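Working notes, beginning with the structure itself.
Numbers for residues simply follow the sequence, beginning at 1. Since this is a predicted model, take the numbers as computed values, not measurements.
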Amino acid sequence: MSRKKLVVIGNGMAGVKCVEEIINLEPDAYEIVIYGTEPRPNYNRIMLSKVLQGEHSIQDIIINDWTWYAERDIRLCTGETVHRIDPHTKCIETESGKKETYDILILATGSSPFIPPIPGIDKERVMSFRTIDDCTRMADYSKEYRKAAVIGGGLLGLEAARGLLHLGMEAVVVHNAPYIMNRQLDYEAAWMLQRELADQGMSFLLNKNTQKITGRSQAQGLLFTDGSKLEAQVIIIAVGIRPNVNLARRSGIATQRAVVVDDYMRTSVPDVYAVGECAEHRGISYGLVAPLYEQGKVLARTLCGQEVPGYTGSVPYSQLKVSGVDVFSAGEISGDGMQTAIQHLDGIQGTYKKVLMQAGKVRGAILFGNTVEGTALLGLVQRGADVAELAPKEGSPDPAETAAAALPSQETVCACNNVSKAAILKVIREQGLETEEQVKQRTKASGSCGGCKPMVAALLKHAKRMELDGATGTSTESDSTEETSTKLPVCHCTDMSHEELKHQVNVMLTYQKEFGRSNFEATVISFEGTWIISLLKQLNWHSEQGCSVCLPAIRYYAHISGYTLRSIENEVKIELETEYKQMETKELIQLKQDQGIHIYSDYHILSLAASMTTSEVESRLRTNWKNAVMPSQVNLGIALSPRSPVSVLVADIGLQASPAGWEIYVGGHAGHPVKQASLLGTAESEQQAVNLASACLQWYRQSAWFDEPLWEWTERMGMMLIRETLLDTQLQQELIINRTQECGTEAEGGTGILSEVPIAQARV
């Protein structure tokens with residue numbers, strides 16, 4: 001069955017974000033073709049100023065590289081500008097004469113810098129700041145010239161000026177308003193920002209209107225309407241953007257300031273949609289990332305035939321770092337009937353807070369220096385909350401943490417790197433992160449513009465509170481971060497998911513050990529009669545005694561929380577299968593008996609398939625993982641040569657010897673559905689191969705749900721995250737140490753005997 005062809009005009013952040021969402025929802029629904037004017041893959045335009053300032057390279061801001069398109073079978077046509085759309089024949093044509101038919105068309109043409117009609121604007125060394133090529137030109141100019149002027153005192157102009165300072169140039173910001181960033185800030189906050197930027201070397205000319213750009217063919221300076229002049233050899237225009245709508249207008253698609261769309265991003269022409277800066281929804285076109293991503297998600301669900309409430313608009317807000325200074329602005333900050341609800345200036349700390357109201361409702365907010373309350377205030381603005389909600393409540397958590405708790409799990413926290421709240425909470429919980437720097441290293445959240453750093457800090461607090469609340473069963477939010485399947489109940493006895501159950505078991509065992517030391521051993525020893533009944537009651541179990549599905553899961557989660565099951569220590573064996581099963585020698589028969597090839601038990605164990613010739617890798621893995629209890633049966637394959645009959649590509653973890661060392665594969669499955677393993681990494685030595693495989697097994701044990709096969713865990717986690725985690729030397733070592741400590745505990749007999757409830761009801 002042939003797929004419909006989806007053509008996207010525009011390779012920017014909004015259009016590609018929509019494509020990402022479509023692929024996540026229905027990867028095989030469309031044949032996708034993307035046309036982009038620039039000769040490069042998708043990149044983060046917000047980060048151009050950081051490239052200019054030397055904080056990032058061009059490669060650092062690439063969102064989706066060439067391989068991303070190829071791996072998803074997306075045809076990317078770069079350096080192609082579409083100049084005509086024929087809605088009747090459903091065909092587009094580029095300036096080079098290339099034609100393409102479509103079934104569905106998405107306009108994501110973005111916007112262009114607004115160029116004011118100033119005489120001399122077309123002179124040499126007058127330019128805008130919008131693309132990677134613009135960054136390159138500015139860097140080239142800085143090698144020859146020293147004086148630069150930036151026309152425009154908004155965010156983009158200030159960032160451009162900061163970049164010019166980094167390049168060693170003198171930078172003067174020319175603005176036609178009484179203070180900078182006048183659309184986002186009030187006079188007080190703008191003055192504080194200007195003082196900070198002046199300390200960095202930036203100069204300002206305010207209330208200045210440019211009459212013309214002086215010089216013959218090359219820019220030499222600016223002449224203002226008041227008769228004053230400014231010498232400048234390089235002039236940057238940063239006065240705003242204008243939606244790219246000429247293509248739509250020529251094609252008969254309804255436009256006003258931008259392409260007119262409804263709540264489902266549909267234009268006036270059937271099968272043609274628009275998203276991003278080129279779209280106008282309910283009279284508003286947005287130039288901020290968050291609204292554009294929201295539009296992309298709505299459009300993706302619409303095109304995948306899913307129920308979606310539609311896009312209803314966004315409250316404009318900016319939470320960013322302007323040249324190292326934290327600034328937040330949301331909603332309306334001026335206008336008729338607007339009044340000040342809160343205003344606080346701390347000159348010593350250099351912080352400022354202002355909340356505006358209209359008719360008793362919160363309408364806008366400004367923060368400077370300390371923006372930790374930004375997300376909480378944004379929520380109040382979005383809801384049009386009563387001003388009374390601004391008053392702090394006795395005993396309530398801080399507003400930032402409250403906002404973090406209320407934020408939907410899949411909401412994007414870091415727009416620059418597309419990191420959701422769910423992803424951040426997941427990493428915090430599973431890796432025990434304590435600091436913002438650790439979160440940044442693991443997820444990249446706050447690692448670009450830094451505007452989301454306050455929310456990251458709030459999420460860290462929120463995660464800690466959730467952990468504490470779990471000890472008394474009062475957790476108010478499930479920080480589920482996985483696919484829908486992980487939210488399904490463990491069994492008919494409960495509405496709780498595996499993630500929630502695992503968290504609660506760990507918390508309660510820790511709580512018992514820390515706060516009930518006097519009777520802890522007795523409680524654990526009489527696990528089935530006391531502790532588990534208490535747990536089931538506290539968690540509102542539908543069945544007082546549990547069942548054969550949930551009880552093994554509870555027992556497993558207790559085990560990986562550090563409470564070794566002494567009762568099964570001598571029953572669980574590593575199963576060895578040889579390539580030469582027909583060789584029934586006395587030694588082989590004894591080996592089978594020793595290793596328990598024919599035994600079966602009620603526990604998930606690790607099955608090891610290797611060649612007849614014993615290798616150091618096999619020996620070490622056998623030693624390290626003997627008696628290891630797993631979430632699900634694990635098949636580990638070791639092939640000592642390319643001719644080995646052991647198929648590592650359909651093993652859960654496969655180790656293939658090669659002339660250069662070892663290749664380690666993860667996520668294969670020989671049964672239905674057959675899955676080919678993915679390459680995790682390579683190792684030069686046998687010890688490195690053992691370490692990488694062991695680290696993967698240990699992380700799987702710690703983070704998988706009970707009865708979740710390793711191949712399903714691999715798909716849920718994603719190979720990119722698995723590689724980034726396990727190829728991190730420090731994290732890999734930590735996982736190996738965890739396993740080593742467990743081996744020591746198991747050898748000593750564990751910390752207590754839990755119940756005789758079987759961990760699994762399947763034959764190994």
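- Here Lys426 pairs with Glu430 in a salt bridge; the nearest charged N to carboxylate O distance falls below 4.0 Å.
- Using a 4.0 Å cut-off between charged nitrogen and carboxylate oxygen, Arg40 and Asp133 count as a salt-bridge pair.
- Arg301 has a carboxylate O that lies under 4.0 Å from a charged side-chain N of Glu21, or vice versa, which qualifies the two as a salt bridge.
- We find that Arg162 and Glu159 are not joined by a salt bridge, their nearest charged nitrogen and carboxylate oxygen being 4.0 Å or further apart.
- With respect to Lys5 and Glu100, a salt bridge is recorded, a charged nitrogen being found less than 4.0 Å from a carboxylate O.
- Side chain to side chain, Asp60 and Ser57 meet the donor-acceptor criterion of an N or O pair below 3.5 Å.
- A salt bridge is absent between Asp103 and Lys90; no separation between the charged side-chain nitrogens and carboxylate oxygens falls under 4.0 Å.
- Under 4.0 Å is where a charged nitrogen must lie from a carboxylate oxygen, and between Arg257 and Glu280 no such pair does.
- Remark: Lys17 qualifies as a cation-pi partner of Tyr293 under the 6.0 Å distance and 45° angle criteria applied to the six-membered ring.
- A donor and an acceptor atom, one from each side chain of Glu26 and Gln306, are nowhere located under 3.5 Å apart.
- By the 4.0 Å N-to-carboxylate-O rule, Asp73 lies close enough to Arg3 to be salt-bridged with it.
- With hydrogens and angles left out, the side-chain atoms of Glu708 and Ser632 include no donor and acceptor closer than 3.5 Å.
- Residues Arg266 and Asp262 are paired through a salt bridge, judged by an N-O separation under 4.0 Å between the basic side chain and the carboxylate.
- The backbone N or O of Val269 sits less than 3.5 Å from a side-chain atom of Thr267, completing a donor-acceptor pair.
- Summarising the local packing, CZ of Arg249 is surrounded by more than 12 heavy atoms from other residues, nucleotides or ligands at distances under 6.0 Å.
- When all heavy atoms of Val245 and Cys278 are compared, the pair lying nearest together is CG1-O, 4.2 Å.
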